[in-house]
Amino acid sequence: MSDLKIYNSYSRQKEVFTPITPGHVGMYVCGPTVSGESHLGHARPYITFDVVFRYLQHLGYKVRYVRNITDAGHFEEEGREAEDKISKKAVLEKLEPMELVQKYTNLFHWAMDQFNTIPPSIEPTATGHIVEQIGMIQEIIRAGYAYEVNGSVYFDVKKYAANHDYGKLSGRIIDDLLETTRELDGQEEKRDRADFALWKNASPEHIMRWQSPWGVGFPGWHIECSAMATKYLGPQFDIHGGGMDLMFPHHESEIAQSTICNHTAPVRYWMHNNMITINGKKMGKSYNNTLTLTEMFSGSNPLLDKPYHPMVIRFFILQTHYRSTLDFSNEALKAAEKGLKRLWDAYEQLQKLPVDESATAPTQPALDQKVQQLLGELDDFMNDDFNTAKVLANFFELVPTINSIKDKVIESDAIGSETLLLLKTTMKTYMEEILGLRSVTEADNDKMKGVMDLLMEIRREARSRKDFVTSDKIRNQLAELGILVKDEKDGSMSYSVE
RNA sequence: GGUCCUUUGGCCGAGUGGCUAGGCAAAGCUCUGCAAAAGCUUCUACAGCGGUUCGAAUCCGCUAGGGACCUCCA
């Protein structure tokens, strides 16, 4: 089997993945800022890295997956009047800051559950790690790479850049940063405009504030990830993930802080997912073009033709490689919806197919071989920087074969029983365990099932009498309720609930 | 303005030197009481111009669109 290769944003090439500790992987992913509701764009990294998490485990690694909750406010816009994002919103909504944070954290968790993402191993909050952040800042000051001014602490980028590769991750040239012509207000505290805050003195209107060696204040944005990653994954860990838009300044700053504090480069493999766009433009709060996840699920936004099931969104995201931009459109979502239904229906039918216990030889060796080839390629696709799009393409190629066997268009022993078994198990592993897909339709309860079975039986009898008025009435009225009745080739009936 | 990325058939999207990815839509056929579903078939594209090469969607250059980051941002 091929080796797992990961595109490392830091080196800008695919590299064979080798964990620091054999058999174990430490992965950190930048989590949500819970000052507002998550939107479609936020869904991408969490679904992307959920699949990474799942696949690494599939490969046999024991993975510690850390994803933070940013619940401490930082600057709305650095340099301008300090506005703590969370405290500002709290005033508007007449809520306690932590009440607001709790509300959006709960909502986030609910949405992640809808997407069938596996919860991270550790989900640390920024507010719960103020002590660690202060400790890290102190260490950086001791090392001589940070300075205090009026109760705030800044990282000395120029000094760091003199003997470190600042800007490598984001492709930034330090001199350009230092010579930025753009005027920013309130930068006078910094020695240099490229410097960034590690700790910020809290003005009176800041509700979220903590005691520190430099007075009452709150941590800078970047330090929380460095502190929590170090605490739970060690000074150096394997994978750090997040959106591309975080490369600068967030991840670049993380590297600088951690490198000074821990005397080693913090991350082996940097992974960045691309953006979700809408009409070709990045979806983001500042663009005012976001679709929140609750809107996506309910369809309650003028941009949406209809509601979209969380699994449809998950599938939609996985149909594109994570490093490509993905453009939102109703057309694309509807196409994904239909595609997923076809794929999932075939998958469910496949699981119902009986497997001949005695190993049978394929009557169509070419088809048998084709199936084996399509299955054999899956791991290679995943190993090639998690190419879920290709994995799904192969499964779609298997759909006609599955349906043909089911409909007895081709004989059941066209492919050998061993191949059929392999198809069943591999598809189950991939669809459910690695890609994390699950049924879109509601699981019906026993009573509902009993009623449906009765209706199906009545309809079957009506049809056998050629009483099509009755059989059509049942089918049509169920259709109005969103239950689709299908007559199968063998005379049986099936139904699916939307 | 600086840095970087991108441009694939009606739409969405894989793909990095030779071998029609895949999905959705559309058309025809088969099956069917009628549907639906399913199956089969058809639709062979890579922004433009030049270059490298036996051969380019894939490498290089130029031109033209689009975008991201440079400030909070997934």
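Note: hydrogens, waters and symmetry copies are ignored here, and every other heavy atom, side chains too, is used. Not measured: the values here are computed from a predicted model. Lettering follows sequence order; numbering is per chain, from 1.
Distance, A/Ile410 CD1 to B/rC40 C1': 12 Å, rounded to whole Å. Look at CG on A/Asp195: it is 13 Å from P on B/rU71, rounded to the nearest Å. Rounded to whole Å, atom C1' of B/rU7 lies 13 Å from atom CG of A/Asp327. The CE-P distance, from A/Met275 to B/rG67, rounds to 16 Å in whole Å. Rounded to an integer number of Å, the gap from A/Glu337 CD to B/rC11 P is 21 Å. Nucleotide B/rC4 holds its P atom 18 Å from the CZ atom of A/Arg323, rounded to whole Å. When rounded to the nearest whole Å, the span between CD of A/Glu252 and P of B/rC72 equals 14 Å. Distance CG (A/Asp305) to P (B/rC11): 18 Å, rounded to an integer number of Å.
For A/Thr320, whose side chain is taken as the heavy atoms from C-beta onward, the closest listed nucleotide among B/rA14, B/rC70, B/rG39 is B/rA14. Comparing B/rC69, B/rA36, B/rA74 against the side chain of A/Lys486 picks out B/rA36 as the nearest. For A/Ala332, taking side-chain heavy atoms from C-beta onward, the closest of the listed nucleotides B/rC69, B/rG66, B/rC12 is B/rC12. Side-chain proximity of A/Asp245 to B/rG39, B/rC69, B/rU3: nearest is B/rC69.
Within 4.0 Å of A/His250, counting heavy atoms only, lies no atom of the nucleic acid at all. Here A/Tyr287 lies in heavy-atom contact (under 4.0 Å) with sugar-phosphate atoms only. Within the 4.0 angstrom heavy-atom criterion, no nucleotide atom of any strand lies near A/Gly284. Among the protein residues, A/Leu484 comes within range of no part of the nucleic acid, since none of its heavy atoms lies under 4.0 Å from any strand. A/Val399 comes within contact range of the sugar-phosphate backbone alone, with a heavy-atom separation under 4.0 Å but no base atom that close. The residue A/Leu343 sits apart from the nucleic acid: no heavy atom pair falls under 4.0 Å.
A/Asp385 has its side chain within reach of A/His321: a pair of non-hydrogen atoms, C-beta onward, lies under 4.5 Å apart. In this structure, A/Met27 and A/Asp238 have side chains that are not in contact, with every pair of non-hydrogen atoms separated by 4.5 Å or more. Taking 4.5 Å as the limit, some side-chain heavy atom of A/Arg323 sits within range of a side-chain heavy atom of A/Tyr7.
Projected onto RNA chain B by closest heavy-atom contact, A/Phe328 and A/Asn403 fall at different nucleotides, the more 5' of which corresponds to A/Phe328. Both A/Lys406 and A/Met283 lie near RNA chain B, and the one whose nearest nucleotide falls closer to the 5' end is A/Lys406.
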Mark up nucleotides 22-33 of chain B, 5' to 3', with B wherever a protein heavy atom is under 4.0 angstrom from a base atom, S wherever such an atom reaches only the sugar-phosphate, and - elsewhere. SSSS-----S-B
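In this structure, B/rG1 and B/rC70 make a Watson-Crick or G-U wobble pair, each of the two defining distances being under 3.5 angstrom. With a 3.5 Å ceiling on both atom-pair distances, B/rG55 lacks any Watson-Crick or G-U wobble partner. Base pairing of B/rC29: its partner is B/rG39, meeting the Watson-Crick or G-U wobble criterion (both donor-acceptor distances under 3.5 Å).
Under a 3.5 Å cut-off, the side chain of A/Asp192 and the backbone N or O of A/Ala194 do form a donor-acceptor pair. Between the A/Lys200 side chain and the A/Tyr154 main chain, no donor and acceptor come within less than 3.5 Å of each other. Judged by distance alone, the side chain of A/Asp195 and the main-chain N or O of A/Val157 form a donor-acceptor pair under 3.5 Å.
Comparing the P positions of B/rG67 and B/rU53 gives a spacing of 37 Å, expressed to the nearest Å. Here the separation of B/rU30 from B/rC49, taken at their C1' atoms, is 48 Å to the nearest Å. Distance noted for atom P between B/rA35 and B/rA27: 15 Å (whole Å). B/rU8 and B/rC46 have their C1' atoms separated by 4 Å, given to the nearest Å. Spacing between B/rA37 and B/rA26 at atom P, rounded to whole Å, works out to 11 Å. To the nearest whole angstrom, the two C1' atoms, one in B/rG17 and one in B/rG22, are 23 Å apart. On the C1' atoms, B/rU20 is 22 Å away from B/rC54, given to the nearest whole Å. Remark: the separation of the C1' atoms in B/rA45 and B/rG13 is 13 Å, to the nearest Å.
In summary, A/Asp345 and A/Lys341 engage in a salt bridge, as defined by a charged side-chain N under 4.0 Å from a carboxylate O.
The phosphate of B/rA14 has OP1 or OP2 within less than 4.0 Å of a side-chain N or O from A/Ser324.
Between A/Tyr46 and A/Phe108, the ring-plane angle classifies as perpendicular under the 30° and 60° cut-offs.
A salt bridge (charged side-chain N to carboxylate O under 4.0 Å, His left out) with A/Lys306 is found for one member of A/Glu331, A/Glu337, A/Glu295 and no other, namely A/Glu337. Between A/His222 and the choices A/Glu252, A/His250, A/Glu254, the side chain to side chain donor-acceptor pair (under 3.5 Å) rule is met once, by A/His250.
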